[in-house]
Amino acid sequence: MTSDCIFCKIAAGEIPATIRYEDQEIIVFDDRQPQAPHHLLIIPRKHIRTTLDLTTADNDLIGHIYQIAGKLANDLGFADDGFRLVNNCNEAGGQVVWHLHFHLLGGRDLGWPPG
Ligand code: 5GP
Ligand code: ZN
């Protein structure tokens with residue numbers, strides 16, 4: 001746990017969030033500023049700063065995140081219509097929280113290219 005990290009605090013239960021799924025490796029909760037009817041954030045429990053900090057030891061973790069994203073999209077009913085799983089990396093990529101996370105967006109037509 002990194003003491004000044006808001007997502008570490010959510011994972012530790014110190015800051016409230018609407019939890020959609022959790023297990024030993026990851027936790028999934030609603031984004032507080034949703035950009036679509038469904039907007040979930042999938043994070044590893046362990047603090048990883050950005051995509052660039054991943055190592056081969058994290059390969060199973062990333063595979064697990066993708067598996068759970070698809071399962072949640074199915075369970076919440078927007079998988080068949082379509083959805084987006086996106087990671088913002090560093091400033092120009094739009095990252096503002098420095099704990100690795102994946103946005104799972106669904107429930108509307110998502111434009112392309114993104115802004
Ligand atoms: P980024 O721009 O870093 O990819 O995405 C960060 C996301 O975290 C944003 O969509 C923002 O709304 C969300 N967020 C930031 N702080 C909190 C918080 O305290 N609780 C929740 N649920 N979401 C947050
Ligand atoms: Zn963290």
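Quick note: numbers below take in every heavy atom, side chains included, and nothing from hydrogens, waters or symmetry partners. These numbers come from a predicted model, not from an experiment. Numbering of ligands and ligand atoms starts at 1, following listing order.
- Close contacts of ligand 1 with Q95, meaning ligand atoms under 4.0 Å from a residue heavy atom, involve 3 (O).
- From H39, atom NE2 reaches atom NE2 of H103 across 5.0 Å, with rounding to the nearest 0.5 Å.
- Rounded to 10°, the angle formed at the Zn ion (ligand 2) by SG of C5 and SG of C8 is 120°.
- With a 4.0 Å heavy-atom cut-off, ligand 1 is reached by the side chain of F7 but not by its N, CA, C or O.
- With ligand atoms numbered from 1 in the order given, ligand 1 contributes 1 (P), 2 (O), 4 (O) to contacts under 4.0 Å with heavy atoms of N88.
- The proximity of Q35 to ligand 1, defined as any non-hydrogen pair under 4.0 Å, does not occur for either the backbone or the side chain.
- When all heavy atoms are compared, the tightest approach of I43 to A11 is CD1-CB, 4.3 Å.
- Not one N or O of A17 is nearer than 3.5 Å to an N or O of ligand 1, by distance alone.
- Nearest to atom 12 (O) of ligand 1 among the protein's heavy atoms is D31 OD1, 2.5 Å.
- Using a 4.0 Å cut-off between heavy atoms, V97 contacts ligand 1 through both its backbone and its side chain.
- Here is the list of ligand 1 atoms found below 4.0 Å of a heavy atom in Q33: 12 (O).
- Under 4.0 angstrom from ligand 1, the non-hydrogen atoms of V96 come from both its backbone and its side chain.
- In terms of protein heavy-atom proximity, atom 19 (O) of ligand 1 is nearest to I6 CD1, 3.3 Å.
- Between H47 and W98 the shortest heavy-atom distance is CE1-O, 3.1 Å.
- When only non-hydrogen protein atoms are considered, atom 2 (O) of ligand 1 lies nearest to G94 O, 2.7 Å.
- Looking at ligand 1, you won't find any N or O of L41 less than 3.5 Å from one of its N or O atoms.
- Under a 4.0 Å heavy-atom criterion, I15 is not in contact with ligand 1.
- Checked by distance only, ligand 1 and H101 come closer than 3.5 Å through their nitrogen or oxygen atoms.
- Linking Ile, Leu, Val, Met, Phe, Trp and Tyr whenever their side-chain heavy atoms come within less than 4.5 Å leaves L76 and L41 in two separate clusters.
- Heavy atoms only, all atoms of each residue included: A36 and G106 are closest at CB-O, 3.6 Å.
- Follow the hydrophobic side-chain contacts under 4.5 Å out from V28 and you reach F78 in the same cluster.
- The shortest heavy-atom contact between A73 and L104 is N-CD2, 4.4 Å.
- For D60, the CG atom sits in a loose shell: 12 or fewer heavy atoms of surrounding residues, nucleotides or ligands are nearer than 6.0 Å.
- Criterion: ILVMFWY side-chain heavy atoms under 4.5 Å apart, direct or through other members. Under it, V86 and I62 are not part of a common hydrophobic cluster.
- Across the listed options R32, K9, H39, R32 owns the non-hydrogen atom lying nearest to atom 16 (N) of ligand 1.
- Checked against the Zn ion (ligand 2), the N, O or S atom of H47 at the shortest distance is ND1.
- Restricting H99 to its N/O/S atoms, the shortest distance to the Zn ion (ligand 2) is reached by ND1.
- Within ligand 1, the atoms closer than 4.0 Å to a non-hydrogen atom of H103 are 1 (P), 4 (O), 5 (O), 7 (C), 10 (O), numbered from 1 in the order shown.
- For T56 and N59, the side-chain atoms include no donor-acceptor pair closer than 3.5 Å.
- Heavy-atom minimum distance, Q95 versus V97: NE2-O, 3.0 Å.
- Cluster membership for L85 and L110, using ILVMFWY side-chain heavy atoms within less than 4.5 angstrom, is not shared.
- Residue-level proximity to ligand 1 for I10 is carried by the side chain, the only part with a heavy atom below 4.0 angstrom.
- For H99 and H101, the distance between ring centers is not under 6.0 angstrom.
- Closest to atom 22 (N) of ligand 1, if we only count protein heavy atoms, is D30 O, 2.9 Å.
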